[in-house]
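Numbering of ligands and ligand atoms starts at 1, following listing order.
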Amino acid sequence: MAQQNHQRELSFRDSVDVMFDRAAAHLDEPDGIKHKIKVCNSVYKVRFGVKLRGSLHTFTGYRAVHSEHMEPVKGGIRYALSVNQDEVEALAALMTYKCSLVQVPFGGSKGGLAIDPNEWDEEELERITRRFTYEFAKRDLIHPSQNVPAPDMGTGEREMAWIADAYRRLHPTDINANACVTGKPRHIGGIAGRVEATGRGVQYAVQAFFTHPEDVVKAGLDGGIEGKRIVVQGLGNVGYHAAKFLSEEDGALITAVIERDGAIIDETGIDIDDLKFHITQHGGLSGYGKGTYVEDGPAVLEQECDVLIPAAIEGAINGGNAAAIKAPVIVEAANGPVTANADAILRDKGVVIIPDMYANAGGVTVSYFEWVKNLTHIRFGRMQRREEEKRNLALFKELERLTGKPLAPEFKAKFGQGADELDLVRSGLDDTMRSAYARMREALLTKPDLGDMRTAAYYCSLLDIATSYRSLGL
Ligand code: GLU
């Protein structure tokens, strides 16, 4: 173990490739196809200038296209200083595998801009984003049928709105222009439930795990989510929603939250909205009155708990700390939070890892719904909602007539309505997450030598990609 701890960490892309190779070894396909799936098809690097604060500033951006076995290709755009080619290639590969696993009909892509978004004000960021969009759109690297970006670390609805608008100005007669990007605000073609989608998907993934008692027992746990002690790293969009839903709706206790400037530990359970409010007001954890503040945030990853949810950056769990991790279950809400080194150490220890390509697939799944909505030009539920309501109410009336008793008003209020867009998005996401879990499980049951959930996830995903490649005549 000690030897593994000191192994050199691979780059993010190499780490993803190591995990790919483990699964590909189980795949009965020619090496040529495996290699074609593994490599990143193309990566475009651009340096562009924007005149700001009286001088010209040069920015560096990337868009990697990993696999075009299905088009458009899909994946977020990240704004962070750490963005580099290796990272976008690794993230694009994960998008390919993720979309395939959850049966979302896209290839994989990812983009990034090496920038600290906090260094620039809103107006400056808008000018930078519009210029960045122009650089990609003119090469069809933003395009409703070719390449559809979405939010990622450091970007959100605001940036997606600028991208959509900049694209529309370049293509004013394209009736489908709005489908060039997802994660837009509702009023300009976004979809209900997209902001919370990745966190909601993490919740559904945890639910899927806990509804399979054999899987829970294998991890040395028992029972359901209620009362389970969860440590969350990162209270950004994904970590915040996952922690909020798991604690408020499923009764889990968030016993620690790790952020950039330390961690808050509270074995009685942290009020996530309260803590998030504090962070937004004060810019960090410091000064939060409840629980215990610990300055060494990363050390809290090693805290005793039932479930550890890394929802921040890649490589958070690596050769240096994997052996000390005490959680029996890790749910990878971030992309690539466990390095290949750490993965080997944790597998040896028998830790169950619910892999990123599954656990955080909620975002792209709801992006898919948004893209379909944009192409159909109609809100989900608009045609059938009142018809459903009419039928439900007629059914209630008949039930009351037959039994001679009134139904409870709460029951009628809850089940009388037809489904609106948010109900349908949640239903579609829930179904997607449950089906994908069942797929991974089934693969593990029929091919036990796959050994772990990540390898099973890769295996399911690669089977479908290989089939697509073959039908393309490759
Ligand atoms: N950036 C998110 C991810 O890593 C969402 C991608 C998308 O919606 O296209 O999955």
Side-chain angles (χ1 to χ4, degrees), residues 12 16 62-68 70-80 83 87-113 136 141-157 159-160 163-164 178-185 189-191 193-202 204-205 234 236-239 241-242 310-314 331-337 355-374 425 428-429 432-433 436 457 461:
F12 188 10
V16 169
Y62 303 84
R63 188 81 183 154
V65 175
H66 176 260
S67 176
E68 291 148 293
M70 287 207 184
E71 287 179 317
V73 292
K74 190 85 186 77
I77 291 184
R78 176 173 285 201
Y79 283 4
V83 163
E87 184 187 62
V88 290
E89 287 190 17
L91 292 165
L94 284 173
M95 286 308 303
T96 297
Y97 309 141
K98 184 186 315 192
C99 290
S100 173
L101 176 70
V102 296
Q103 301 183 318
V104 159
F106 297 138
S109 181
K110 198 78 165 203
L113 185 60
F136 284 165
L141 288 167
I142 297 179
H143 190 285
S145 68
Q146 296 290 295
N147 196 324
V148 182
D152 198 81
M153 203 188 282
T155 58
E157 287 189 332
E159 287 73 17
M160 301 307 116
I163 293 174
N178 241 357
C180 74
V181 66
T182 59
K184 301 177 291 293
I191 195 167
R194 176 60 185 88
V195 174
E196 62 173 55
T198 313
R200 183 65 76 186
V202 172
Y204 291 157
N237 179 38
V238 181
H241 285 106
I313 36 155
E314 57 260 22
V331 182
E332 296 182 333
N335 287 305
D356 48 5
M357 76 172 73
Y358 168 67
N360 71 36
V364 77
T365 302
V366 178
S367 276
Y368 167 47
F369 302 155
E370 179 176 333
W371 182 74
V372 171
K373 173 185 177 176
N374 294 154
V425 162
L429 177 58
T432 302
M433 298 306 290
S461 156

Interfacing atoms of ligand 1 (cut-off 4.0 Å, heavy-atom, [X]):
X      : result
Met95  : 3 (C), 4 (O), 6 (C), 10 (O)
Asn335 : 4 (O)
Val364 : 7 (C), 8 (O), 9 (O)
Gly76  : 1 (N), 6 (C)

To check your reading of the model: name the closest protein heavy atom to [atom], its residue, and the distance in Å.
atom                   : answer
atom 5 (C) of ligand 1 : Arg194 NH2, 3.6 Å
atom 4 (O) of ligand 1 : Lys110 NZ, 2.9 Å
atom 7 (C) of ligand 1 : Ala150 CB, 3.2 Å
atom 9 (O) of ligand 1 : Lys74 NZ, 2.8 Å
atom 3 (C) of ligand 1 : Lys98 NZ, 3.4 Å

Please confirm whether the backbone N or O of Asn360 pairs with a side-chain atom of Glu332, one donor and one acceptor, at under 3.5 Å?
no
Between Asn237 and Val195, is there a donor-acceptor pair closer than 3.5 Å when you use the side chain of the first and the backbone of the second?
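Checking the backbone N and O of Val195 against the side chain of Asn237, a donor-acceptor pair under 3.5 Å is found.
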Taking all non-hydrogen atoms of both residues, which atom of His143 and which atom of Val148 are closest, and how far apart?
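His143 and Val148 have their closest heavy atoms at O-CG2, 3.6 Å.
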How close do Pro149 and Cys180 get, heavy atom to heavy atom, and via which atoms?
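Shortest heavy-atom contact: CD-O, 3.1 Å.
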For Thr182 and ligand 1, does the shortest N/O to N/O distance drop below 3.5 Å?
no
Atom OH of Tyr97 and atom CG of Asp356: how far apart are they, to the nearest 0.5 Å?
11.5 Å
Between Glu314 and Arg78, is there a side-chain N and carboxylate O pair less than 4.0 Å apart?
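Salt bridge: yes.
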Go through the side-chain N and O atoms of Thr96 and Ser67 and say whether any donor and acceptor fall under 3.5 Å apart.
no
State, yes or no, whether a side-chain contact exists between Pro72 and Trp371 at a heavy-atom distance under 4.5 Å.
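Pro72 vs Trp371: side chains touch.
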Nearest option to atom 2 (C) of ligand 1, as decided by whichever heavy atom of Pro151, Ser367, Gly363, Gly75 sits closest:
Pro151
